[in-house]
Number of protein chains: 2
Amino acid sequence: MARIAGSSGPRTEEAIRRAGLSLIATHGYAAMSLRQLAAEVGIQQGSLYNYFRNKQEFLFDLIRGHMLDLHAALDAALLPEGSAEARLTRFTEFHVAYHVARAQEVFICYSELRSLEPDNLAAVVAMRRDYERKLGDILDHGCATGEFRLADTRMATLAILAMLSGICTWYRPDGRLSREAMQEIFTGMVLALARGEAAEAVAVPPRRRGALRAGIG
Amino acid sequence: MARIAGSSGPRTEEAIRRAGLSLIATHGYAAMSLRQLAAEVGIQQGSLYNYFRNKQEFLFDLIRGHMLDLHAALDAALLPEGSAEARLTRFTEFHVAYHVARAQEVFICYSELRSLEPDNLAAVVAMRRDYERKLGDILDHGCATGEFRLADTRMATLAILAMLSGICTWYRPDGRLSREAMQEIFTGMVLALARGEAAEAVAVPPRRRGALRAGIG
DNA sequence: GTCTATAGTTTGATAGAC
DNA sequence: GTCTATCAAACTATAGAC
């Protein structure tokens with residue numbers, strides 16, 4: 001926070017990035033003032049405009065940069081071939097590791113889409129669809145080979161992504177479980193969900209549909 | 001939007017509630033101005049203060065009221081006894097139905113916790129923990145009876161809630177699937193996840209750990 | 001209960017000296 | 001690249017007439 005006046009450049013840029021991630025993740029983009037951001041970095045508010053043209057551009061740069069990183073990292077981690085189970089395992093391990101390592105950025109990418117202006121939003125949504133498709137392809141393939149049994153692969157895609165991405169909302173570096181433990185636990189749950197073997201053997205209990213309907217107003 | 005001037009009362013109150021839910025869900029609490037809210041309702045900005053003391057109280061009332069509804073509805077829908085599978089099925093069906101029926105309110109309850117002042121936040125977090133515990137108890141019970149096989153019931157609780165609550169981020173009333181179809185699909189996935197039967201029989205593929213680590217920066 | 005008017009802040013963004 | 005100073009706009013909240 002305290003800071004000797006003078007030129008910095010790259011150092012300031014990185015400091016702004018980090019402070020911005022932290023403030024936006026904590027309070028949200030709209031609630032973060034540029035004065036607050038500048039104070040966190042230790043510069044004056046007007047100086048921020050050496051690093052972006054306006055507040056919206058700052059947010060977009062953060063989100064876009066992160067999405068590019070995410071895609072590149074996923075492509076490096078994924079198996080091009082192999083059984084659907086192996087690929088799903090790899091996908092899950094990657095996703096958990098990434099969400100644990102960069103929880104703040106991931107969280108912002110989910111929670112601040114609403115703060116993007118239309119053109120910027122469209123660009124980010126397109127990148128996100130690509131990511132969803134990579135998981136969807138694995139699930140489709142697994143259903144085709146019989147490794148997986150899913151009633152609806154689109155719902156399964158959204159369900160698995162929500163389940164894994166939820167990690168960034170509660171994960172803390174000093175938490176109970178190591179990254180490796182979380183990878184193992186979540187891989188187990190995702191595989192069980194995808195195999196879904198015993199699902200149809202269940203005796204569904206009688207439903208008091210009336211009571212349920214009454215409850216949901 | 002257009003509106004005849006004059007006294008209303010309860011009608012205005014409900015209009016403010018609905019407009020607030022919509023605006024906050026779309027743009028976020030911090031980004032919603034009271035002028036915007038008043039315009040949506042068709043009254044002047046100062047008149048809002050007949051319905052709340054300040055903006056924060058308005059948000060808290062929305063969230064708190066919804067949490068109370070959620071708890072009451074869950075208690076009405078849940079089975080007090082029965083197999084863990086039956087109770088988990090009931091829980092899932094309820095949760096899906098509620099999130100489909102009141103997606104906006106649910107979404108706000110997740111996304112605007114950050115906008116609550118400390119005391120208000122504490123109250124909401126306490127209510128949320130109760131909700132999590134109800135699911136956690138079902139999972140614990142199922143593991144004890146052997147119906148479920150979960151490596152970590154706390155992680156499973158968070159994973160299932162994230163998976164189900166994710167619905168409110170993408171659900172649209174005019175979507176492809178009916179509420180009933182979604183209930184069935186998600187119940188199948190949740191039960192498969194909880195049973196996790198074949199999970200340990202998997203041959204885990206060899207992992208290029210180096211590549212994975214490199215990917216997560 | 002609603003209106004108009006306004007007080008008192010805070011905000012994002014710009015201009016110009018160093 | 002950073003600072004100081006400032007503008008114009010927007011905000012929450014209040015006061016008082018009807």
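Only a predicted model underlies this, so the values are computations on that prediction, with no experimental measurement involved. Residue numbering restarts at 1 for every chain, and letters A, B, ... go by the order of the sequence lines.
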- request: Look at B/R17 together with B/D61 and state whether they make a salt bridge at an N to O cut-off of under 4.0 Å.
  value: no

- prompt: Along nucleotides 11-17 of chain C, 5' to 3', which nucleotides get a B, which get an S, and which get a -, given that the test is a protein heavy-atom distance under 4.0 Å?
  reply: BBBB---

- request: Could you state the atom-to-atom distance from CD1 of A/I43 to P of D/dT2 in whole Å?
  value: 6 Å

message: Can you list everything that forms a salt bridge (charged side-chain N to carboxylate O under 4.0 Å, His left out) with A/R129? Sequence neighbours excluded, please.
response: none

task: Determine, for B/D130 against B/R133, whether the closest basic-nitrogen to carboxylate-oxygen distance falls under 4.0 angstrom.
output: yes

message: A cation-pi test, strictly: NZ or CZ of A/K55 under 6.0 Å from the centre of the six-membered ring of A/Y29 and no more than 45 degrees from its axis. Yes or no?
response: yes

- request: Indicate whether OP1 or OP2 belonging to C/dT2 is found under 4.0 Å from a side-chain N or O atom of B/Q44.
  value: no

query: Between B/R18 and B/E13, is the closest basic N to carboxylate O distance under 4.0 Å?
result: no

task: Would you mind reading off the distance between B/L37 atom CG and D/dA13 atom P, rounded to a whole angstrom?
output: 12 Å

query: Taking it one step at a time, do A/R179 and A/E93 satisfy salt bridge (Lys or Arg N to Asp or Glu O under 4.0 Å)?
result: CA-CA 9 Å; A/R179 188 198 71 184; A/E93 289 179 347; over 6 Å; no

- request: Kindly say if B/T12 contacts the phosphate of C/dG1, meaning a side-chain N or O under 4.0 Å from OP1 or OP2.
  value: no

- request: Identify whether any heavy atom of B/F58 sits under 4.0 Å from a base atom; if not, whether one sits that close to sugar-phosphate; answer base, sugar-phosphate or nothing.
  value: nothing

